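Take a look at the structure set out below.
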Amino acid sequence: MGTRAREIVGLDVDELLKKLNSAFASEWLAYYQYWLGAKVIKGPMKDAVASELNLHATEELNHAVMLAGRIIQLGGTPVLTPEGWGKESPCKYDAPADPYVAVLLDQNIAGEQCAISAYKALMDMTKDKDMVTYNMALTILEQEVEHEEDLQSLREDLDLMVRRGSR
Ligand code: FE
Ligand code: FE
Ligand code: MG
């Protein structure tokens with residue numbers, strides 16, 4: 001733990017640690033949802049979509065790395081068990097039970113939208129109070145915003161293709 005680092009946080013650190021752990025849990029669920037989705041995916045454009053899902057999986061894992069680092073700096077303990085991920089995460093895990101491309105895209109778009117709201121809330125909470133966490137949340141948020149658009153644009157391409165193909 002960084003003692004001075006903890007002192008300069010102008011917030012209830014335990015409350016902040018709870019939020020950081022919720023985000024940490026969500027990142028593991030997002031990682032696994034993307035990683036597994038890329039394996040089971042079926043349907044048109046599956047190769048293009050799978051490579052985006054794989055890239056996002058690695059980016060979500062990197063978000064978990066950043067969050068674990070910040071949690072430890074502040075004297076907290078990252079969620080210790082996989083069961084804890086489901087319990088702590090504000091964003092639900094959506095199993096890729098139906099492997100059709102459009103279904104996977106929709107599930108992951110919903111996940112990104114939940115992540116965007118969660119990081120926006122973390123930024124609102126830490127603004128002018130904890131610059132280090134604020135800056136980290138901004139870095140992650142920028143990537144979640146990119147993820148949402150990547151998936152929505154693939155979803156649009158898929159729609160165009162399916163509609164044109166059926167004429
Ligand atoms: Fe993420
Ligand atoms: Fe994301
Ligand atoms: Mg991307």
Side-chain angles (χ1 to χ4, degrees), residues 16-41 43-74 76-97 99-127 130 132-161:
L16 174 62
L17 281 166
K18 245 185 120 32
K19 283 273 182 297
L20 289 169
N21 250 324
S22 301
F24 175 74
S26 295
E27 294 296 353
W28 275 102
L29 297 179
Y31 166 74
Y32 190 65
Q33 190 175 309
Y34 273 125
W35 182 89
L36 191 57
K39 302 266 180 276
V40 300
I41 192 165
M45 291 172 48
K46 77 173 160 80
D47 292 336
V49 175
S51 60
E52 197 65 47
L53 300 185
N54 273 322
L55 178 62
H56 288 194
T58 65
E59 289 167 343
E60 307 305 2
L61 194 55
N62 187 49
H63 299 164
V65 171
M66 289 190 253
L67 288 156
R70 187 61 183 145
I71 290 165
I72 289 163
Q73 270 178 0
L74 292 173
T77 306
V79 177
L80 291 172
T81 62
E83 298 79 66
W85 298 338
K87 262 180 254 155
E88 303 295 326
S89 173
C91 305
K92 68 173 179 128
Y93 175 75
D94 229 346
Y100 184 61
V101 202
V103 176
L104 296 187
L105 283 170
D106 288 343
Q107 287 176 331
N108 288 302
I109 289 166
E112 292 299 341
Q113 290 173 341
C114 181
I116 288 169
S117 301
Y119 287 109
K120 165 74 166 73
L122 184 60
M123 288 185 71
D124 289 342
M125 180 186 185
T126 53
K127 189 173 186 339
D130 174 0
V132 178
T133 300
Y134 181 85
N135 191 53
M136 181 195 68
L138 175 59
T139 302
I140 299 176
L141 179 64
E142 282 170 343
Q143 219 157 37
E144 309 300 14
V145 163
E146 193 185 301
H147 288 173
E148 181 196 36
E149 202 274 334
D150 287 342
L151 299 180
Q152 286 183 330
S153 111
L154 283 166
R155 186 70 175 83
E156 200 184 307
D157 288 352
L158 177 68
D159 253 8
L160 284 168
M161 196 180 84

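Predicted model only: the values in this text are computed from it and were never measured. Order of listing sets the numbers, starting from 1, for every ligand and every atom in it.
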Q: Using only heavy-atom distances, determine whether the side chains of E52 and H147 contain a donor-acceptor pair under 3.5 Å.
A: no
(Q) Quick one: does any side-chain atom of N21 pair with a main-chain N or O of T77 as donor and acceptor, under 3.5 Å? (A) yes
(Q) Strictly under 2.8 Å, is the Fe ion (ligand 2) approached by any N, O or S atom of H56? (A) no
(Q) Could you check whether D150 pairs with R155 (Lys NZ or Arg NE/NH1/NH2 to Asp/Glu carboxylate O, under 4.0 Å)? (A) no
Q: Taking the Fe ion (ligand 1) as the reference point, name the nearest N/O/S atom of E144.
A: OE2
Q.
Which atom name does H147 have for its N/O/S atom nearest to the Fe ion (ligand 2)?
A. ND1
(Q) Using 2.8 Å as the threshold, say whether any N, O or S atom from E52 sits that close to the Mg ion (ligand 3). (A) yes
**Q.** Mutual orientation of the aromatic rings belonging to H56 and Y34 [parallel < 30°, tilted 30-60°, perpendicular > 60°]
**A.** perpendicular
Q: Looking only at N, O or S atoms, find the one in H63 nearest to the Fe ion (ligand 1) and name it.
A: ND1
Q: Kindly confirm whether the Mg ion (ligand 3) is within less than 2.8 Å of some N/O/S atom in H56?
A: yes
Q: Take the Fe ion (ligand 2) as the vertex and measure to OE1 of E112 and OE2 of E60; round to 10°.
A: 140°
Q. Counting only N and O atoms by type, is there a donor-acceptor contact under 3.5 Å from the side chain of S89 to the main-chain atoms of K92?
A. no
**Q.** Cation-pi, W85 ring and K87 (6.0 angstrom, 45 degrees)
**A.** no
Q: Answer yes or no for D150: is there an N/O/S atom below the 2.8 Å cut-off from the Mg ion (ligand 3)?
A: yes
